[in-house]
Amino acid sequence: MPTSSASTTDSAKPSAAGGVQSLERAFDLLERMADAGGEVGLSELSAASGLPLPTIHRLMRTLVACGYVRQQANRRYALGPRLIRLGESASRLLGTWARPYLARLVEETGETANMALLDGDEIVYVAQVPSKHSMRMFTEVGRRVLPHSTGVGKALLAGVPDDEVRALLARTGMPAATEKTITTPEGFLAALEEVRRTGYAVDDNEQEIGVRCLAVSVPDSPTAAAISISGPAGRVTETATEKIVPVLQQIARELSAALASQNQG
């Protein structure tokens with residue numbers, strides 16, 4: 001039919017960047033859905049993207065058929081389960097790319113190095129290179145923790161507006177892992193302000209007594225990421241912190257550059 005042929009031609013035409021316009025639009029809609037918390041209505045997507053409703057409806061119908069989006073009983077659209085497999089695979093790959101940089105971090109600081117992402121309301125560890133010390137920290141790759149008691153959580157949330165942080169804390173609660181865990185939104189927001197001021201985050205016996213962690217975000221990462229070192233409080237002292245933080249920041253910049261080149265490739 002002529003109308004069907006016309007819409008196919010329109011959706012498959014090249015974009016200004018040399019890609020396929022319908023693909024660019026579909027991924028843009030998925031990202032807008034993620035930014036909105038994972039569930040939106042067509043009118044919200046139209047207002048946010050500037051695309052006409054018929055175009056959005058056609059794209060969403062295709063994404064639903066593929067399992068990347070599902071339609072709720074209230075007729076709103078939510079991110080679909082097939083995205084989980086893609087996200088998990090991408091997280092593993094990101095961890096693989098990061099490992100050489102974490103290995104350098106271990107060589108230069110002597111402590112265990114980690115990489116973590118913000119996944120929904122939780123922190124998930126995607127890579128680790130252990131310290132060579134007999135007494136060392138170990139965090140299982142794939143482990144999930146709440147952000148308020150971790151250095152990587154503070155590093156990641158320092159770039160998030162305060163009202164969004166408050167909303168996250170209201171959803172997760174702020175259970176105490178130790179007597180030093182920050183358990184009030186005001187206390188945590190003050191800690192985030194300190195991260196912004198100094199350029200790094202500290203977990204000082206807040207997740208586990210006897211353990212200190214230093215963390216920085218990876219600038220301009222394709223997904224919010226942070227790297228950290230963790231070790232016994234007796235080794236990760238204030239004096240050691242002054243030497244370790246510049247190393248963390250430098251390796252985070254180098255990792256950022258590497259991820260950007262992978263993205264372009």
Side-chain angles (χ1 to χ4, degrees), residues 98 101-102 105-119 121-141 143-160 162 165-166 168-170 172-219 224-252:
Y101 296 88
L102 298 183
L105 199 47
V106 173
E107 286 173 17
E108 297 193 32
T109 67
E111 303 300 344
T112 295
N114 310 282
M115 182 180 192
L117 309 179
L118 183 62
D119 183 23
D121 289 346
E122 297 177 316
I123 298 298
V124 57
Y125 289 92
V126 295
Q128 180 180 84
V129 175
S131 164
K132 295 177 174 63
H133 288 291
S134 56
M135 184 183 290
R136 60 181 181 238
M137 303 304 106
F138 178 78
T139 298
E140 184 181 357
V141 171
R143 181 188 178 201
R144 291 174 174 272
V145 295
L146 296 181
H148 71 282
S149 60
T150 64
V152 284
K154 291 175 188 171
L156 287 164
L157 290 180
V160 175
D162 283 359
V165 174
R166 283 185 183 276
L168 182 151
L169 296 175
T172 63
M174 300 183 71
T178 75
E179 65 266 26
K180 296 198 71 174
T181 306
I182 300 171
T183 56
T184 66
E186 291 71 23
F188 190 69
L189 290 172
L192 296 188
E193 187 55 41
E194 183 68 6
V195 175
R196 297 180 194 114
R197 187 183 69 80
T198 62
Y200 69 96
V202 181
D203 158 13
D204 186 5
N205 295 269
E206 295 161 52
Q207 179 70 25
E208 187 177 343
I209 291 295
V211 177
R212 291 188 89 233
C213 172
L214 307 173
V216 299
S217 62
V218 178
I227 59 173
S228 68
I229 64 92
S230 54
R235 285 204 307 258
V236 187
T237 60
E238 292 299 331
T239 302
T241 297
E242 294 175 10
K243 298 175 183 176
I244 291 172
V245 167
V247 177
L248 261 175
Q249 293 170 331
Q250 177 61 32
I251 289 179

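All values below come from the heavy atoms of this structure, side chains included, with hydrogens, waters and symmetry mates left out. All values derive from a computational prediction rather than experimental measurement.
- Residues forming a salt bridge (Lys or Arg N to Asp or Glu O under 4.0 Å) with Glu107 (at least two apart in sequence, or on another chain): none.
- In this structure, Ser230 and Val211 approach most closely via the heavy-atom pair CB-CG1, 4.5 Å.
- For Val106, the side-chain contact (heavy atoms from CB on, under 4.5 Å) partners at least two apart in sequence or on another chain are Ala113, Val129, Lys132.
- Taken from CD in Glu122 to OG1 in Thr150, the straight-line distance is 11.0 Å, to the nearest 0.5 Å.
- Not counting sequence neighbours, Glu242 has no partner by the salt bridge (Lys or Arg N to Asp or Glu O under 4.0 Å) test.
- The side-chain contact (heavy atoms from CB on, under 4.5 Å) check on Ile209 picks up Thr178, Glu179, Asn205, with sequence neighbours excluded.
- For the atom pair CE (Met174) and OG (Ser149), the distance works out to 9.0 Å, reported to the nearest 0.5 Å.
- Of the charged side-chain nitrogens involved, at least one lies within less than 4.0 Å of a carboxylate oxygen, so that Glu186 and Arg166 count as a salt-bridged pair.
- The distance from the CG atom of Leu105 to the CD1 atom of Ile251 is 4.5 Å, given to the nearest 0.5 Å.
- Rounded to the nearest 0.5 angstrom, Thr109 OG1 and Lys243 NZ are separated by 12.5 Å.
- Heavy atoms only, all atoms of each residue included: Leu102 and Ala127 are closest at CD1-CB, 3.7 Å.
- Of all heavy-atom pairs between Leu117 and Ala225, the closest is CD2-CB, 3.5 Å.
- The closest donor-acceptor contact from the side chain of His148 to the backbone of Thr181 lies at 3.5 Å or more, if one exists at all.
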Criterion side-chain contact (heavy atoms from CB on, under 4.5 Å) on Phe188 and Val165, from CA distance to verdict: CA-CA 9 Å; Phe188 190 69; Val165 174; 3.9 Å; yes
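- Remark: Ala252 engages Val216, Pro219, Ile227 in a side-chain contact (heavy atoms from CB on, under 4.5 Å) (not counting sequence neighbours).
- The heavy-atom pair separating Met115 from Ala98 by the smallest distance is SD-CB, 3.2 Å.
- A search for side-chain hydrogen bond (donor to acceptor under 3.5 Å, both in side chains) contacts involving Glu238 returns Arg212, not counting sequence neighbours.
- Going from atom CG of Asp119 over to atom CZ of Arg144 covers 4.0 Å, rounded to the nearest 0.5 Å.
- In this structure, the salt bridge (Lys or Arg N to Asp or Glu O under 4.0 Å) partners of Asp121, at least two apart in sequence or on a different chain, are Arg171.
- Taking Gln249 as the reference, nothing meets the side-chain hydrogen bond (donor to acceptor under 3.5 Å, both in side chains) condition, with sequence neighbours excluded.
- Once rounded to the nearest 0.5 Å, the distance linking OG1 of Thr241 with CD1 of Ile229 reads 7.0 Å.
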For residues 151-158, tabulate all N or O donor-acceptor pairs below 3.5 Å that involve a side-chain atom, not counting sequence neighbours.
from   : atom 1 : to     : atom 2 : distance (Å)
Lys154 : NZ     : Val202 : O      : 2.6
Lys154 : NZ     : Glu206 : OE1    : 2.8
Lys154 : NZ     : Glu206 : OE2    : 3.1

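- With sequence neighbours left out, Arg197 forms a side-chain hydrogen bond (donor to acceptor under 3.5 Å, both in side chains) with Glu194.
- Closest of all the heavy-atom pairs between Pro147 and Ile123 is CA-CG1, 3.8 Å.
- For Gln250, the side-chain hydrogen bond (donor to acceptor under 3.5 Å, both in side chains) partners two or more places apart in sequence, or in a different chain, are Arg253, Glu254.
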